[in-house]
Amino acid sequence: MKKQTHFKIPAAAQAVLDGCSKSVQLFEDYESFVDASLGGPGNLEFEVKYNVPGKGEVVEAIVHKVTNGISANYIEPYMRRRDPDTMVIADDKPTDKERYSDRYGKSFDALREETFDWLKSQELAYFFFKIGLYENSPYGMALAPANAGFFAMGLAMLQKIVPVSDIPEGTEIYAVVYVAPPFRHTHFNGKQIVVHNRLDSNYEIFSYNLYPGPSAKKGIYGVLLTIGEEEGWATTHCSAVESVSPYDNVTRFMHEGASGGGKSEMLQHIVREPSGEVLIGTNTITGEKRTIQIPRFCEIRPVCDDMATVNPSVQTESRRLRLMDAENSWFIRTDNITGYGIDPVLEKVTINATKPLLFMNIKTHPGGTALIWNHIEDAPGKPCPNPRVIVPREMFDAVDTAVHIDVRSFGVRTPPCSAEEATYGVLGLFHFLPPALAWLWRLVSPRGHANPSIISSGKGMESEGVGSYWPFATGKKVRHANLLLDQIAEKTDTRYVLTPNQFVGVWKVGFRAQLLMREYLTRRGNSKFRPDQISQARCPLLGYELEFLTIEGSKIPSRFLKTYKQPEVGFEGYDKGAAILTEFFKKELEQYRTPELSELGHRIIDTCLNNGTVEDYEKLITRK
């Protein structure tokens, strides 16, 4: 392979390219991966397979050419979702994550060299990409076996593949992704493992599986978090949208939360019932449905889908947080789209795609059209809960500039709650949080009920960890806790909201709670609430609850605002659920009580541990 002369590739990556005994191909645009995904031009179907010692030929995925791009389906249902235990750290830099040497009882050095040797024996594909989209963000590169073209295509879409000629003179490639799929069978008992190796001069990611979630997407997220940890800023785990009311009021929302917390859904439009009404929810016990009339919806302009950069270069003197998208394409889950007409915008974009898209866990036929509601089945009658499509952000006419945030919401995936079966599903349609309490929710980050994106441990309520991005970070969790607190304490003009999805008490609401919140707060703008409009919630962790809510003349029943007003819940079910939530918070917050946590952070956590009131939280961070 000819060496690049105007920028520097890490020595280990250059050695793999130079030592490859077979063909090496450079890709400079993601569309070129369409043919590579199929084993060459003219093919409609291709098996991604490897010879595994002791197992013989193992097929990892079947790839189809479809009219709107490429469709890849994994043979094993396990490979269709992200395993939360995928990350291990190979280096000796500070970390709270499990080290490779601790898990496997030996250094990573030998396997690193074995990986390089295996790659040298394969036909290789490689390319360069941007890490984040902010000004002066670093560059990365990927090396993968040529037959894993669909995986490379996904990475190239998500992280913005760049031609060699666009890389500035003197650039040092910062991160390298090495892909070696059969090693999950030979070394890791079939598990999704991604090894992060933070060297002094560059960052290595070794992806030992072909599901892009832990590596192509969240692996690069880990690189951004590492950069931010060193420089003093965070890449937030959120979507963002610019919402324009029928009266031309513009409000910008940032929606955070653990996987399954409604980030992609915040960019969706509300779908009307056949009658033209808007369904609030369905009572899971009586079957009753409640609807309202909303004559006109707000206009939606997406900003980002899952990751946002809050790099200092995009901040201003404003006391509102400013962010921009950290990705070039969006990895969209479509499990809530079960038929035609549920999300007309996404359906139109994906069916009439102007560029090839990458579909995963979608049932397709060679030469056909991939439809995002045709989910592959994990077992007969059991649809895969994590169907995905990767779509370039430009196809949504997304906002290309950094934006100031007016409302910063946090989504929680809640189970049904009743007096007979009390759970933490006591949240009303939405709540307002003091900034200090908003920080606590981001430390605890409940992973929530029936999470479709990851493989659950089955242990009930779990935490995704600090910022809800902790599964992807490589460093120290208290460092990230401090970064998030500094961010919240400095940007006091941003309003904080808490919203559930799936259930409000016994009512099945899906993601409508956050969408109705978006409609309502866009119309309100920055108007302050009168004292009779909100009150302190019965559970202090929920901040403030609404006394009443009217959208375009339609009143939302109070049972959706205060779940204890539901007869199936009552005070008994609510208080039991609040106790579950409070106990969970206290258990999770103990790990942050270290000398490295800021003094303000200690005071906020102590307030929770001492059963503080909403007023107590308000006093901790003053809104300027």
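Quick note: numbers below take in every heavy atom, side chains included, and nothing from hydrogens, waters or symmetry partners. Model, not experiment: these values are computed from the prediction.
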Can you sort out the partners of Asn328 under side chain to side chain donor-acceptor pair (under 3.5 Å), two or more places apart, ordered by chain and number?
none
With sequence neighbours excluded, what pairs up with Asp397 under the side chain to side chain donor-acceptor pair (under 3.5 Å) test?
none
Under the rule for side chain to side chain contact (heavy atoms under 4.5 Å, CB included), what residues qualify as partners of Lys576, not counting sequence neighbours?
Ala422, Glu572
Any side-chain heavy atom of Ile621 sitting closer than 4.5 Å to one from Thr492?
yes
Between His255 and Ser409, is there a side-chain donor-acceptor contact under 3.5 Å, judged purely by atom types and distance?
yes
Ignoring hydrogens and geometry beyond distance, is a side-chain donor-acceptor pair present between Asp96 and Gln591 at under 3.5 Å?
no
Tell me yes or no: between the side chains of Asn311 and Ser313, is some donor less than 3.5 Å from an acceptor?
yes
Short side-chain donor-acceptor distance under 3.5 Å, Asp616 and Thr613
yes
Residues, nucleotides or ligands: over 12 heavy atoms within 6.0 Å of Lys586 NZ:
yes
Do any N or O atoms from the side chain of Thr563 and from the backbone of Gly505 form a donor-acceptor pair under 3.5 angstrom?
no
Taking only residues at least two apart or on different chains, which pairs with a member in residues 263-279 satisfy salt bridge (charged side-chain N to carboxylate O under 4.0 Å, His left out)?
Glu265-Arg333
May I ask you to establish whether Lys218 and Phe472 are in a cation-pi arrangement, using a distance under 6.0 Å from NZ or CZ to the six-membered ring centre and at most 45° from the ring axis?
yes
Under 3.5 Å: donor-acceptor pair, side chain of Asn610, backbone of Asp606
yes
So do the side chains of Thr235 and Val310 get within less than 4.5 Å of each other, counting heavy atoms only?
no
Any ring pair (Phe, Tyr, Trp, His ring centres under 6.0 Å) involving residues 478-511? Give me the pairs, sequence neighbours left out, ordered by first then second residue.
His449-Phe503, Tyr469-His480, Trp507-Phe560
Would you please test Asn501 and Val412 for side chain to side chain contact (heavy atoms under 4.5 Å, CB included) and show each step?
CA-CA 6 Å; Asn501 68 68; Val412 184; over 6 Å; no
Applying ring pair (Phe, Tyr, Trp, His ring centres under 6.0 Å) as the test, list every pair that has at least one member in residues 386-418; sequence neighbours left out.
Trp330-Phe396
Hey, what do you get for CG (Leu542) to CG (Leu433), rounding to the nearest 0.5 Å?
8.0 Å
Would you say Thr499's side chain and Leu429's backbone share a donor-acceptor pair under 3.5 angstrom?
yes
When rounded to the nearest 0.5 angstrom, what is the spacing between CG in Leu498 and CG in Leu541?
9.5 Å
Checking Arg80 side chain against Cys384 main chain: does a donor-acceptor pair fall under 3.5 Å?
no
May I ask you to decide whether Glu545 forms a salt bridge with Arg538, counting only side-chain N to carboxylate O separations under 4.0 Å?
no
Are any side-chain N or O atoms of Thr316 and backbone N or O atoms of Ser318, one a donor and one an acceptor, separated by less than 3.5 Å?
yes
Distance check, rounded to the nearest 0.5 Å: Met254 atom CE versus Arg322 atom CZ?
14.0 Å
Flag for Glu299-Ser243: side-chain donor and acceptor within less than 3.5 Å
no
Between Leu484 and Trp439, does the side chain to side chain contact (heavy atoms under 4.5 Å, CB included) criterion hold? Intermediate values first, please.
CA-CA 7 Å; Leu484 286 173; Trp439 177 68; 4.2 Å; yes
Who pairs with Ser463 by side chain to side chain contact (heavy atoms under 4.5 Å, CB included), at least two apart in sequence or on another chain?
Phe584, Glu588
Would you say OH of Tyr340 has more than 12 non-hydrogen atoms from neighbouring residues, nucleotides or ligands within 6.0 angstrom?
no
Student check: side-chain heavy atoms of Tyr520 and Ile551 closer than 4.5 Å
yes
Can you check side-chain hydrogen bond (donor to acceptor under 3.5 Å, both in side chains) on Gln502 and Thr414, steps first, answer last?
CA-CA 6 Å; Gln502 303 315 306; Thr414 48; over 6 Å; no
Checking Thr401 now: which residues fulfil side chain to side chain donor-acceptor pair (under 3.5 Å) with it, not counting sequence neighbours?
none
Once salt bridge (charged side-chain N to carboxylate O under 4.0 Å, His left out) is applied, what residue pairs with a partner in residues 399-409 remain, sequence neighbours excluded?
Glu256-Arg408, Arg320-Asp406, Arg393-Asp400
Do the side chain of Gln268 and the main chain of Asp343 share a donor and acceptor less than 3.5 angstrom apart?
no
Trace of the side chain to side chain contact (heavy atoms under 4.5 Å, CB included) decision for Thr494 with Val407
CA-CA 6 Å; Thr494 295; Val407 177; over 6 Å; no
Look at the side chain of Arg290 and the backbone N and O of Gly281, then say whether any donor-acceptor pair between them is shorter than 3.5 Å.
no
Can you find a heavy atom in the side chain of Leu483 that is under 4.5 Å from one in the side chain of Trp233?
no
Excluding sequence neighbours, so at least two apart, what forms side chain to side chain donor-acceptor pair (under 3.5 Å) with Ser264?
Asp305
From OG1 (Thr334) to CG (Asn361), nearest 0.5 Å:
9.0 Å
Pairs touching residues 415-441 that satisfy salt bridge (charged side-chain N to carboxylate O under 4.0 Å, His left out), sequence neighbours left out:
none
Do the side chains of Arg518 and Leu515 get nearer than 4.5 Å, heavy atoms only?
yes
Quick check: do Lys476 and Val478 have side-chain heavy atoms less than 4.5 Å from each other?
no
Who are the side chain to side chain contact (heavy atoms under 4.5 Å, CB included) partners of Arg296, not counting sequence neighbours?
Pro246
Side chains of Glu596 and Asn482: any donor to acceptor distance under 3.5 Å?
no
Before accepting this row, confirm whether a basic side-chain N of the pair Lys619/Glu615 lies closer than 4.0 Å to the acidic partner's carboxylate O.
no
Strictly below 4.0 Å, N to O, side chains only: are Arg479 and Glu229 in salt-bridge contact?
no
Please tell me if the side chains of Leu521 and Arg495 come closer than 4.5 Å, counting only heavy atoms from C-beta onward.
yes
About how many Å separate NE2 of His269 and CD1 of Ile300, when rounded to the nearest 0.5 Å?
5.5 Å
Please check this pair: side chain of Ser245 against backbone of Thr522, looking for a donor-acceptor N/O pair closer than 3.5 Å.
no
Side chain proximity check, Asn386 to Asp335, heavy atoms < 4.5 angstrom
no
Polar contact flag, side-chain donor to acceptor under 3.5 angstrom, Glu583-Tyr424
no
Rounded to the nearest 0.5 Å, what's the gap from SG on Cys608 to CG on Leu440? Could you check?
5.5 Å
Mind checking whether Tyr564 and Tyr574 have ring centres under 6.0 Å apart?
yes
Are any side-chain N or O atoms of Tyr592 and backbone N or O atoms of Leu443, one a donor and one an acceptor, separated by less than 3.5 Å?
yes
